[in-house]
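Here the structure is laid out as structure tokens; the discussion comes afterwards.
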Amino acid sequence: MAQERTLGLIKPDAVANNHIGNIVKRVVDEGFTIVALRMLRMSKATAEQFYDVHADKPFYGELTDYMSSGPCVAMVLEADGAIVKWRDLMGATNPEKAAEGTLRKLYAESFTMNATHGSDAPETAAREISFFFATSEIFGR
Ligand code: UDP
Ligand code: MG
């Protein structure tokens, strides 16, 4: 499988619950290379833009309120098959359905406050990486 990059977020609930260290350690232990990392707080408008694909969903308001409620950690993760590998490590969107040992099973608070985000395809990874990081802030080899 080819080297690939994905956008990972440690969401506001996981930051507030002091799980940054646990999640970053897991990222490294699972073999990802962190090529960019930054703490940031999205405004409501920025969260709406980031999640515009979900604008027509009933959870859009709650989701964007939550995502703008406190800081996130944004990361660009590199690995063979990074997109699927990171989604597998996160586990199912609904933490009640997430497999044992996954980040959402371990650290999520609820369906909405589910600890982490990951891009779902190469096109979304490219969009989401450039949403948060300039090329000069990404330190690949
Ligand atoms: N979400 C929610 N209720 C739902 C579905 C999703 O609150 O019924 C939230 C949840 O925080 C999720 C985010 O919206 O992570 C984006 O949803 P998506 O279906 O893209 O899930 P993901 O790609 O994050 O697994
Ligand atoms: Mg998604």
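Predicted model, so just to flag it, every value in this text is computed and none were measured. Note that ligands are numbered from 1 as they come in the structure, with each ligand's atoms numbered from 1 the same way.
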Practice prompt. Quick one: name the residues clustered hydrophobically with Phe133, using the 4.5 Å side-chain heavy-atom rule over I, L, V, M, F, W, Y, and just say none if it's on its own.
Written response: Leu7, Leu9, Val35, Leu40, Met42, Phe50, Tyr51, Phe59, Tyr60, Leu63, Tyr66, Met67, Val76, Met113, Ile129, Phe131, Phe132, Ile138
Item to complete: Please tell me if the side chains of Met75 and Ile10 come closer than 4.5 Å, counting only heavy atoms from C-beta onward.
Response: yes
Practice prompt. Kindly indicate whether the side chain of Pro71, heavy atoms from C-beta on, has any atom under 4.5 Å from the side chain of Pro12.
Written response: no
Worksheet item: Does the side chain of Lys44 pick up a donor-acceptor pair with the side chain of Thr64 at under 3.5 Å?
Response: yes
Note down each nitrogen or oxygen pair, ligand 1 side and protein side, whose separation is under 3.5 Å; give only atom names and the distance to 0.1 Å.
unit_1	atom_1	unit_2	atom_2	d
ligand 1	7 (O)	Thr112	OG1	2.6
ligand 1	11 (O)	Lys11	NZ	3.1
ligand 1	11 (O)	Thr112	O	2.8
ligand 1	11 (O)	Asn114	OD1	3.4
ligand 1	15 (O)	Lys11	NZ	3.0
ligand 1	15 (O)	Asn114	ND2	2.8
ligand 1	17 (O)	His54	NE2	3.4
ligand 1	20 (O)	His54	NE2	2.8
ligand 1	21 (O)	Thr93	OG1	3.4
ligand 1	23 (O)	Arg87	NH1	3.0
ligand 1	23 (O)	Arg87	NH2	3.2
ligand 1	24 (O)	Arg104	NH2	3.0
ligand 1	25 (O)	Arg87	NH2	3.0
ligand 1	25 (O)	Thr93	OG1	2.5
ligand 1	25 (O)	Arg104	NH1	3.1
ligand 1	25 (O)	Arg104	NH2	3.4

Item to complete: Using the ring-ring contact (aromatic ring centres under 6.0 Å, His included) rule, collect all pairs that involve residues 76-102, keeping only residues at least two apart or in two chains.
Response: none
Donor-acceptor pairs under 3.5 angstrom involving side-chain atoms of residues 93-102: please list them, not counting sequence neighbours.
unit_1	atom_1	unit_2	atom_2	d
Asn94	OD1	Glu96	N	3.0
Thr102	OG1	Ala99	O	2.7
Thr102	OG1	Lys105	N	3.4

